[in-house]
Structure formats: structure tokens, C-alpha cells
Novice: 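Quick one: the structure is below, questions incoming.
Order of listing sets the numbers, starting from 1, for every ligand and every atom in it. Basis for what follows: all heavy atoms, side chains included, without hydrogens, waters or symmetry-related copies.
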Amino acid sequence: MNRPVAARCWVEISRRALLENFRAVRRATGDGIEVAAVVKADAYGHGAVPMARWLEEAGARWFAVSSVEEGVTLREAGIRARILVMAGVLSYEEEALAPYRLTPALHSLGDLERMDRLAAAAGRPLDFHLKLDTGMSRLGLPASEGKLLEALAGLRAARMEGLMSHFASSADYASLQTDHQVEVFQTVAAALERAGWRPPLRHLASSNALAYGRREAWHTMVRPGHVLYGYVSPARGEAPPAILSVSPVLQWRARILLTKDLPEGALIGYGGTFRAPRPMRIAVVAAGYADGVPHRLSNKGRVLAGGKPAPIVGTVSMDLTTIDISRSPELQAGDAVTLLGEEGDARLDAQQMARQAGTISYNILCGIRERVRRIYVD
Ligand SMILES: *Cc1c(COP(=O)(O)O)cnc(C)c1O
């Protein structure tokens with residue numbers, strides 16, 4: 001038997017949308033600022049290799065990933081742009097840095113020493129970006145570290161190409177945390193400069209600091225992820241209007257397996273958590289939590305069916321979700337419904353789904369599982 005051509009649950013990923021978002025970022029930053037496209041976590045579920053290929057063709061010169069392993073995947077797929085590994089290099093991962101031309105972000109004085117030894121032993125320079133912890137208390141060298149200058153002065157083969165940090169609350173205009181982080185970053189950068197260190201790539205901004213125009217955080221490089229995939233997080237407080245207009249790159253669909261008419265009082269799904277309040281027509285859809293549909297959408301979420309919102313009724317199960325299609329009774333087995341995306345004038349995006357599921361859009365996108373077929377379209 002041949003494998004079926006069509007999928008029962010798939011995402012369509014649009015090259016045009018990705019590149020328009022990328023161009024919107026480049027227009028906003030202008031030519032003087034480098035853009036490192038963040039393609040970690042399989043490009044937030046979109047597929048790191050295809051996204052990096054499209055972006056590289058469109059002129060991307062830098063990518064950012066979380067791990068050495070993600071960097072190696074890009075190199076093995078033929079990506080030639082620079083690759084920044086943001087989330088640390090464990091000792092058993094070090095030896096892949098040079099052969100795969102990966103640029104690590106370093107997070108401690110110990111990292112500096114270790115990378116310098118590695119570079120010296122390999123007999124070639126190694127560029128790194130030093131990450132400062134400017135107040136998020138996660139990765140990065142504490143900005144208060146007094147021995148930094150001494151450590152830098154002791155380097156023989158490792159070269160500081162970049163100085164970076166990361167914001168904890170950059171869409172929160174009700175908080176001063178971001179301003180504080182910018183200030184701390186600038187203080188350290190100025191101290192380094194007085195001592196003769198001025199790494200050419202200085203970067204703090206990811207999507208939010210970009211989208212809300214915090215230009216004082218852009219320096220010479222920005223690291224957008226979320227906006228490239230078409231999302232700007234909602235801001236808190238008195239935020240300026242977003243300066244970027246982007247649209248979702250991914251649409252998520254699944255097919256109806258069966259439709260049926262239920263009498264009033266019928267219990268739907270595991271646990272009988274939904275009782276039909278009236279006679280209703282439902283569809284059983286081929287997508288469940290094993291595909292990434294949040295279980296918390298049980299009796300809460302909705303999809304688009306026949307161009308109209310169709311509420312999820314009953315619990316989301318592993319492979320199946322039941323929806324109320326009383327408003328679109330013409331739908332039949334084999335027809336597709338939309339979990340994320342557009343049908344006519346109706347649209348549903350990952351932020352709406354996230355709100356209903358009590359999570360964030362990043363989590364929805366990264367949660368679309370591998371068995372959901374990726375279909376790449378222009
Ligand atoms: C994920 C990540 C980014 C990108 O963040 P977005 O909000 O998706 O733009 C940038 N920098 C670091 C260090 C990250 O971990």
C-alpha cells in the first residue's frame with residue numbers, strides 16, 4: 001500500500017509570510033543593524049532547516065539556536081550563515097564548535113577559560129559572544145562580576161565578537177525591569193570600552209523590544225524569533241504602538257473523521273464532561289493532544305469549521321477532538337477544519353488559542369507535534 005498523499009492533520013507553512021515578516025524586521029532596523037533570526041526549537045515548530053534555508057536565500061547572515069545539536073543540524077543541512085548557540089555549551093558538546101563553525105554565547109568566567117583553552121589547543125581563534133545577566137537571573141555572567149576585565153585580558157585564542165543579554169519583561173510597560181536591564185548592559189559595555197574592549201555585535205533585543213520600538217536596546221544586532229513567525233506579544237501597561245506589522249506563517253488544519261447527530265442529553269467524550277443541551281450535530285476531528293491540541297481546550301476552545309467558529313465539546317483526547325458543527329451542518333468526513341489560520345473572513349491565531357488554554361502562543365507553536373505533517377507552500 002502506498003502512504004496516503006494527503007494528511008489527516010497538517011500545518012501549512014508559508015514562505016511568503018516568513019519572508020515578509022523578515023523584511024518587515026529589516027525595514028524597521030535599517031541596514032546598520034544585524035538581524036540574527038532565531039530558529040531554535042525547530043523554528044518554533046515551523047521546521048528549522050526549511051526556515052533557515054528560506055531566510056538564508058533572502059539574505060539572512062546570522063541564525064540563533066539554543067544548542068550545539070541544533071546548530072549541527074543546520075550545518076548538516078548546508079546552512080552557511082553564522083550560527084549563534086545561545087543556551088550554553090556542555091563539555092561534551094565543545095568539540096563540535098570548530099568543525100561546525102558554531103559561535104557560542106558564554107555565560108561564566110569558567111566558560112571563557114574553557115573556550116580559550118579549547119581554541120588554543122585547536123590552534124585557531126574562536127569567536128564568542130559574552131552573555132551578561134542584566135537582571136533576569138537565568139543564563140549569563142552576572143553584570144556585577146568584578147573579574148571580567150582580568151579574564152578577558154587573559155584570553156589567548158578566544159575572541160569576544162559579541163556582548164549580549166536578554167530581557168525578562170520587554171512587553172511589560174508597567175514595569176521598569178527592561179529599562180534597568182538596558183542601563184546595566186550599557187554600564188558594563190561602557191566599562192569594557194574604557195578598558196579597550198568594544199565587541200562589534202552588541203545585542204539585547206528579541207521580538208518585543210523590536211516590535212515596540214525600544215531602539216535604545218537594539219545596538220548593533222537584534223534577535224527576533226516570534227515576530228518572524230508572525231506574532232507580536234500583547235503589551236502590558238502604556239506601550240507605544242507596535243512598529244512592526246507581521247502575519248502568521250503557519251496554519252494548522254485537520255480532517256473530519258465522522259459527523260453525527262446527537263440527541264439532547266447525549267454525553268460527549270471521556271468523563272462525559274459535556275452534555276448536549278439540545279439536539280446537535282458534531283464532528284470528530286483527527287487532532288488531539290498528541291498532535292499538540294492543548295488538553296485544556298476541553299469544553300473551552302474552538303476551531304473554524306465551514307468558515308465559522310465551532311466550539312470544542314467534550315474533552316480533547318489523544319488523537320481526537322469533538323466539535324459542535326450545528327452551524328455548519330454541510331460538513332462531512334474528509335473535510336478539513338482549521339485549528340489555526342483563516343477560513344474566509346474568520347481567523348484564529350495562536351494567541352487566541354493560547355488565551356483559551358491558559359498558556360502563551362510560543363507554547364502553542366512549539367507544541368505542534370512532529371507527527372503533524374509540515375507542508376511548505378510559497
Ligand atoms: C528565544 C530567544 C530569543 C527570541 O525571542 P522572541 O521573543 O521569540 O523574539 C532571543 N534571545 C534569546 C536569548 C532567546 O532565548
Side-chain angles (χ1 to χ4, degrees), residues 18 21-22 24-26 28-29 33-46 48 51-52 55 60 62-71 74 82-89 102-107 111 128-141 143 162-172 177-178 181-182 185 201-214 217-236 239 242-244 246 248-250 349-351 354 359-368:
L18 178 78
N21 297 342
F22 180 58
V25 169
R26 296 245 293 219
T29 57
I33 295 180
E34 195 63 71
V35 175
V38 178
V39 294
K40 66 187 180 193
D42 206 25
Y44 299 36
H46 295 66
M51 296 305 98
L55 288 165
W62 274 92
F63 294 106
V65 295
S66 282
S67 64
V68 167
E69 187 140 351
E70 289 181 342
L74 293 183
R82 298 288 304 277
I83 298 175
L84 178 66
V85 176
M86 299 190 292
V89 177
L102 305 177
T103 305
L106 303 187
H107 305 277
D111 274 2
F128 66 87
H129 293 212
L130 176 65
K131 178 151 176 194
L132 296 173
D133 174 3
T134 53
M136 187 177 184
S137 311
R138 208 179 54 176
L139 286 172
L141 182 80
L163 184 69
M164 64 185 282
S165 190
H166 190 49
F167 290 130
S169 326
S170 49
D172 187 354
Q177 189 176 12
T178 306
Q181 288 194 259
V182 170
F185 186 83
L201 297 174
R202 297 182 298 283
H203 48 112
L204 279 148
S206 50
S207 293
N208 294 334
L210 198 52
Y212 291 106
R214 278 195 202 261
W218 294 1
H219 296 276
T220 57
M221 187 186 236
V222 293
R223 305 185 308 264
H226 209 216
V227 287
L228 292 179
Y229 308 110
Y231 289 93
V232 173
S233 298
R236 296 190 57 208
I243 60 165
L244 279 183
V246 291
V249 169
L250 170 155
D349 69 27
Q351 279 165 347
T359 181
I360 56 175
S361 47
Y362 293 72
N363 193 188
I364 298 290
L365 295 173
C366 293
I368 302 174

Novice: Consider ligand 1: state whether an atom of it lies below 4.0 angstrom from any non-hydrogen atom of Tyr229.
Specialist: no
Novice: At their closest point, which heavy atom of Ala60 faces which heavy atom of Arg26, and how far apart are they?
Specialist: N-NH1, 4.4 Å
Novice: What protein heavy atom sits nearest atom 2 (C) of ligand 1, and how far away is it?
Specialist: Lys40 NZ, 2.5 Å
Novice: Side-chain contact test, heavy atoms from C-beta onward, threshold under 4.5 Å: evaluate it for Phe63 versus Leu55 and give yes or no.
Specialist: yes
Novice: Should the ring pair His226 and Tyr231 be called parallel, tilted or perpendicular, given that the plane angle runs from 0 to 90° and is split at 30 and 60?
Specialist: parallel
Novice: Would a 4.5 Å heavy-atom cut-off, applied to side chains only, mark Leu84 and Met164 as touching?
Specialist: yes
Novice: Could you tell me the residue and atom name of the protein heavy atom closest to atom 9 (O) of ligand 1, and the distance to it rounded to 0.1 Å?
Specialist: Ser207 OG, 2.5 Å
Novice: Looking only at protein heavy atoms, identify the closest one to atom 7 (O) of ligand 1 and say how far it is in Å.
Specialist: Tyr362 OH, 2.6 Å
Novice: Is Glu34 close to Leu201 at the side-chain level, that is, under 4.5 Å between some pair of heavy atoms?
Specialist: yes
Novice: Is it the side chain (CB and beyond), the backbone, both or neither of His226 that lies under 4.0 Å from ligand 1, heavy atoms counted?
Specialist: both
Novice: Would you compute the distance between atom CZ of Arg223 and atom CG of Leu204 and round it to the nearest 0.5 angstrom?
Specialist: 7.0 Å
Novice: Going by heavy atoms in the side chains, are Leu228 and Tyr44 under 4.5 Å from each other?
Specialist: no
Novice: Are any of the N/O atoms on Gly225, whether in the backbone or the side chain, positioned under 3.5 angstrom from an N/O atom of ligand 1?
Specialist: yes
Novice: So which heavy atom on Leu210 is nearest to which on Pro224, and how close?
Specialist: CD2-CB, 3.7 Å
Novice: I need the atoms of ligand 1 closer than 4.0 Å to a non-hydrogen atom of Pro224, numbered in the order shown.
Specialist: 9 (O)
Novice: Does ligand 1 have a heavy atom under 4.0 Å from the side chain of Arg223, from its backbone, from both, or from neither?
Specialist: both
Novice: Heavy-atom contacts with Tyr44 under 4.0 Å: which atoms of ligand 1 show up? List them by number with element.
Specialist: 1 (C), 4 (C), 5 (O), 6 (P), 8 (O)
Novice: Tell me, which protein residue and heavy-atom name are nearest atom 12 (C) of ligand 1, and how many Å apart are they?
Specialist: His166 CE1, 3.3 Å
Novice: Heavy-atom contacts under 4.0 Å between Ser206 and ligand 1: side chain, backbone, both, or neither?
Specialist: both
